[in-house]
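Notes follow once the structure below has been shown.
Computed from heavy atoms alone, side chains included, the values below leave out hydrogens, waters and symmetry copies. Remember, it's 1-based here, ligands and their atoms both numbered in the order they're listed. Residues: numbered from 1 along the sequence shown. Predicted, not measured: the structure shown is a model, and the values here were computed from it.
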Amino acid sequence: MSAAGHPAGRLVRLAETNRAPMRFVLDGAERQALAGDTVLSAILSVAPALRHSEFGVETRAGFCLMGACQDCWVWQEEGPRIRACSTPLTEGMRLLTDAPGDWS
Ligand code: FES
């Protein structure tokens with residue numbers, strides 16, 4: 001757990017930590033990332049996984065990290081689901097780790 005009570009991130013930032021901060025919302029909680037992050041790096045720096053598997057109880061954190069395997073789908077509160085590894089994070093993005101009802 002982080003000091004803020006959130007689960008610790010899977011990724012630990014070791015370099016480029018002086019980039020400008022950006023805010024985003026993950027499952028209703030405001031989080032912080034850094035300018036230039038992909039959605040995947042933003043989420044995994046504050047959470048242990050990107051999403052739950054649609055096939056079981058496991059969680060997923062991406063596999064290929066280059067837009068080919070589709071293991072990193074995450075959902076936006078509004079709009080289409082996105083591949084986290086190939087989508088740049090934008091300020092204020094509102095993301096979900098579980099599908100909002102019908103996930104298509
Ligand atoms: S991790 Fe494979 S498509 Fe994103």
* Asked: What atoms of ligand 1 come closer than 4.0 angstrom to any heavy atom of C72?
  -> 1 (S), 3 (S), 4 (Fe)
* Of all the atoms in ligand 1, which lie at a distance below 4.0 Å from a heavy atom belonging to G67? -> 3 (S)
* Counting N and O atoms only, with roles assigned by atom type, does the side chain of R10 sit under 3.5 Å from a partner on the main chain of P48, one being a donor and the other an acceptor? -> yes
* To do: Give a yes or no on whether the backbone of T59 and the side-chain of R51 come within a donor-acceptor separation of less than 3.5 Å.
  => no
* Has C85 got an N/O/S atom less than 2.8 Å from atom 4 (Fe) of ligand 1? -> yes
* Asked: For ligand 1, which atoms, with element, lie under 4.0 Å from some heavy atom of L65?
  -> 1 (S), 2 (Fe)
* Asked: Where the side chain of S45 meets the backbone of A42, is there a donor-acceptor pair that is under 3.5 Å apart?
  -> yes
* Is it true that R23 and E91 make a salt bridge, defined as a side-chain N closer than 4.0 Å to a carboxylate O? -> yes
* To do: Run the numbers on T97 and V74 for side chain to side chain contact (heavy atoms under 4.5 Å, CB included), then give the verdict.
  => CA-CA 6 Å; T97 58; V74 295; 5.6 Å; no
* Asked: How far is atom 3 (S) of ligand 1 from its nearest protein heavy atom, and which residue and atom name does that atom have?
  -> Q70 N, 3.2 Å
* Asked: Going hydrophobic residue to hydrophobic residue with side-chain gaps under 4.5 angstrom, can you get from L40 over to L34?
  -> no
* Measuring to atom 2 (Fe) of ligand 1, does C69 have an N/O/S atom at a distance below 2.8 Å? -> yes
* For ligand 1, the portion of A84 having any non-hydrogen atom under 4.0 Å away -> neither
* For A68, the ligand 1 atoms whose distance to one of its heavy atoms is below 4.0 Å -> 3 (S)
* Donor-acceptor under 3.5 Å (D71 side chain, C64 main chain) -> no
* Asked: What atoms of ligand 1 come within less than 4.0 Å of a heavy atom belonging to F63?
  -> 1 (S)
